[in-house]
Amino acid sequence: MKVIIIGSVAAGTSVAAKARRNDEKAEITLYNADYDISYSICGIPYFLGGEVEELETLTPRSAAWFKKRYNVDIFTRHEVTTIDAEQKKVQVKNLDTNEIKEDTYDVLVFATGASPITPDIAGVDKENVFQVRTIQNTAAIDQYMKANQPKKATIIGAGYIGLEMAEQLTHRGLDVTIVQRSNHVMAHMDKDIVSRVEDHIVKKGVNLILSDEVTSINEKNVQTKSGKTIETDIVILATGVRPNTILAKEIGVTIGDTGAIAVNNKMQTNLPNVYAVGDVAESYSVITGKPIYRPLGSTANKMGRIAGDVITGGSLEHRGILGTGILRVFDLAVGQTGMNEVEALEEGYDIEILHNIKPARAEYLGGKELVIKAIADRETGRILGVQIVGEEGVDKRIDVFVTAMTFKAKAEDLFHLDLAYAPPFSTTKDPVMYTGMALQNAIEKKNKLITPKELTERIEKGETIQVIDTRATKQYNVSKVESAVNIPLGELREKSKEFDPNLPTVTYCNSGVTGNAAQNVLRNLGFNDIYNLSGGNKNYQNYIKNK
């Protein structure tokens, strides 16, 4: 059996390695138009910021190493230019010599990855404008910075790469401006969560411009649609990627609605003996079963291993993904998995939303605050999505949620997880368990939740809602929900007679716990429509500030 793999970064090399482990006799060849193989794209910002000292650290494997270890042939700087699917032939151009050769295959794998999107901006081709994708352009950025010593940088785009580059260039001593077309950073997350990230990066000195876009790039500045002029010495494009599907389209491979190659759970395309893996291929959602496109190295490696196994007679299948992601931005970790609020509503779910603010570990040992936004389906109780921001413990919690959601966990299941506890690591009831408890109670209508957005909208529509602040008067005087009456929890039973038990009533504290206790008191006293404000006053003030 002769296998040709087009592309040799994460997915392509994973196909080759797994296929060789299964079959010693297969003839495996990889063609790659780039100079480097199997490199860490995700590590590039950290080299540019100085955390990774040597660029070679991000390219630990060479073609010679793969040949010796796996007996596979990798040809870098070799571009597959045409494919004859009927004859199972490819034409390959040596980009260094321009020599053309022909090769044949029994199995063809597209691991062609994705390319950075170049926005239609005047001046985007100037020498101080860079994209962050390959080892070669990373070296070019580093050389430019060493030669020109830029003082100011503009980053176009505020996704993962944009925010990581903002952090790293700030660490390198540059004044950084981010220009983001939408009204919040990190498009896959909800504004009421990532607004905390926005506040944080601004405090760290980053100039963040939202709801605007760069229209031209000049020698020493960029111009925006709103008329701003931003002084800059270097421009980083972080405007997303597009799957490299041209070759696949030419031979009739089906392209999915996401723009990537459509594959089944064995990574097979619509053509016999033709596969697609990694950033060029669609995945599908564990929750909905529908195709999604989330180009990440972890998914690429997984897809490659599955394809390599199937090609050589194995039974592995792709079980889908949740679209999980995490990044560090200065002192914060930001993690998300599953659907955001907008996506869940678009899918037709009747959703329950919880904002859970808890310390990551015992506060008396210095535990820092986590903000968890969890979304569940009211009909089934199933967890649909989670977003977390905090200085510590984010990775641990997001991975617990991912594991639970992968196995279709309901909100009620989270409380029963036997999670590791000791004061240096967690709280007695872990924030994951609290999330499950609160969501379950809300879904079962025992302790209903109301988000700051919903409360504000209902009040603005003229609805009469009784709002009770259960905190100490000193806290109430600092900041409060508009129209709230201050009745500390200890006085609530006595003063409850001052309120109409038949009107909608909202209780709240700083983050939710005392508000929940007050909710229980009023419910047991006969209040019929009683809510706890999701995330308490902290979440409300964040919403009002950033809405």
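Since the structure is predicted, the reported quantities are computational estimates derived from the model, not experimental observations.
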Q: Where do Tyr531 and Leu449 come nearest, in terms of heavy atoms and distance?
A: CD2-O, 3.6 Å

Q: Let me see the working for Thr118 and Gln131 under side chain to side chain contact (heavy atoms under 4.5 Å, CB included), right down to the final yes or no.
A: CA-CA 8 Å; Thr118 302; Gln131 291 170 319; 2.9 Å; yes

Q: Quick one: which residue pairs count as a salt bridge (charged side-chain N to carboxylate O under 4.0 Å, His left out) with a foot in residues 410-437, not counting sequence neighbours?
A: Arg397-Asp430

Q: For Asn502, what residues pass the side-chain contact (heavy atoms from CB on, under 4.5 Å) criterion, not counting sequence neighbours?
A: Asp500, Asn528

Q: Can you run down the salt bridge (charged side-chain N to carboxylate O under 4.0 Å, His left out) pairs that involve residues 472-494, sequence neighbours left out, and say none if there aren't any?
A: Glu491-Lys495

Q: What distance do Gln168 atom CD and Ile161 atom CD1 have between them, rounded to the nearest 0.5 Å?
A: 11.0 Å

Q: Under the salt bridge (Lys or Arg N to Asp or Glu O under 4.0 Å) test, which residues partner Lys368, sequence neighbours left out?
A: Glu391

Q: Indicate the atoms forming the closest heavy-atom contact of Leu414 with Ala404, along with that distance.
A: CD2-CB, 3.9 Å

Q: Looking at Ser534 and His355, would you say the former's side chain and the latter's main chain have a donor-acceptor pair under 3.5 Å?
A: yes

Q: On a heavy-atom basis, which atom in Ile41 and which in Pro45 lie closest, and how many Å separate them?
A: O-CD, 4.0 Å

Q: Not counting sequence neighbours, which residues clear side-chain hydrogen bond (donor to acceptor under 3.5 Å, both in side chains) with Lys538? List them please.
A: Glu369

Q: Would you call Arg458 and Glu454 a salt bridge, taking side-chain N to carboxylate O under 4.0 Å as the test?
A: yes

Q: For the atom pair OG1 (Thr170) and CE (Met165), what is the distance rounded to the nearest 0.5 Å?
A: 10.0 Å

Q: Hey, what do you get for OG1 (Thr406) to CD1 (Ile321), rounding to the nearest 0.5 Å?
A: 10.5 Å

Q: Rounded to the nearest 0.5 Å, how far apart are OG1 of Thr254 and CD of Glu282?
A: 10.0 Å

Q: Do you know which two heavy atoms are closest between Ile375 and Gln387, and how far apart they sit?
A: CD1-NE2, 4.4 Å

Q: Under a 3.5 Å threshold, yes or no: a donor from one side chain and an acceptor from the other, between Glu444 and Gln440?
A: yes

Q: List in chain and number order the residues that pass ring-ring contact (aromatic ring centres under 6.0 Å, His included) with Phe330, two or more places apart in sequence or in another chain; answer none if no residue qualifies.
A: His171

Q: Sub-3.5 Å donor-acceptor pair from the side chain of Tyr476 to the main-chain atoms of Ala484, do we have one?
A: yes

Q: Please name all residues satisfying side-chain hydrogen bond (donor to acceptor under 3.5 Å, both in side chains) with Asp212, sequence neighbours left out, ordered by chain then number.
A: Thr224, Ser226

Q: Who pairs with Asn542 by side-chain hydrogen bond (donor to acceptor under 3.5 Å, both in side chains), at least two apart in sequence or on another chain?
A: Ser195, Asn546

Q: Applying side chain to side chain donor-acceptor pair (under 3.5 Å) to Asn486 and Thr473, what does each step give before you reach the verdict?
A: CA-CA 7 Å; Asn486 181 222; Thr473 301; 3.0 Å; yes

Q: Among side-chain atoms of Lys358 and Asn356, is any donor-acceptor pair under 3.5 angstrom?
A: yes

Q: Could you walk me through whether Glu460 and Lys547 pass the salt bridge (charged side-chain N to carboxylate O under 4.0 Å, His left out) check?
A: CA-CA 14 Å; Glu460 288 175 349; Lys547 74 172 182 175; 3.4 Å; yes

Q: What pair of heavy atoms forms the shortest contact from Pro431 to Ile372, and how long is it?
A: CB-CD1, 3.7 Å

Q: Under the side-chain hydrogen bond (donor to acceptor under 3.5 Å, both in side chains) rule, what pairs show up with a residue in residues 297-306, not counting sequence neighbours?
A: Ser14-Asn301

Q: Salt bridge check, Lys152 against Asp175: does any charged N sit closer than 4.0 Å to a carboxylate O?
A: yes

Q: So, Arg471 side chain and Asn510 main chain: donor-acceptor pair closer than 3.5 Å or not?
A: no

Q: Between the side chains of Asn532 and Tyr508, does any donor sit under 3.5 Å from an acceptor?
A: no

Q: Give the minimum heavy-atom separation between Asn537 and Ser479, together with the two atoms involved.
A: ND2-OG, 3.0 Å

Q: Are any side-chain N or O atoms of Glu198 and backbone N or O atoms of Val185, one a donor and one an acceptor, separated by less than 3.5 Å?
A: yes

Q: Return the set of residues passing side-chain hydrogen bond (donor to acceptor under 3.5 Å, both in side chains) with Lys453 (not counting sequence neighbours), or none when no residue passes.
A: none

Q: Taking only residues two or more places apart in sequence, or in another chain, which ones meet Tyr46 in a ring-ring contact (aromatic ring centres under 6.0 Å, His included)?
A: none

Q: Sequence neighbours left out, what pairs pass salt bridge (charged side-chain N to carboxylate O under 4.0 Å, His left out) with at least one residue falling in residues 319-342?
A: Glu51-Arg328, Glu167-Arg328, Lys204-Asp331, Glu341-Lys373

Q: Quick check for you: to the nearest 0.5 Å, what is the distance between Arg361 atom CZ and Leu370 atom CG?
A: 10.5 Å

Q: From Thr324 OG1 over to Phe401 CZ, what is the distance, rounded to the nearest 0.5 angstrom?
A: 12.0 Å

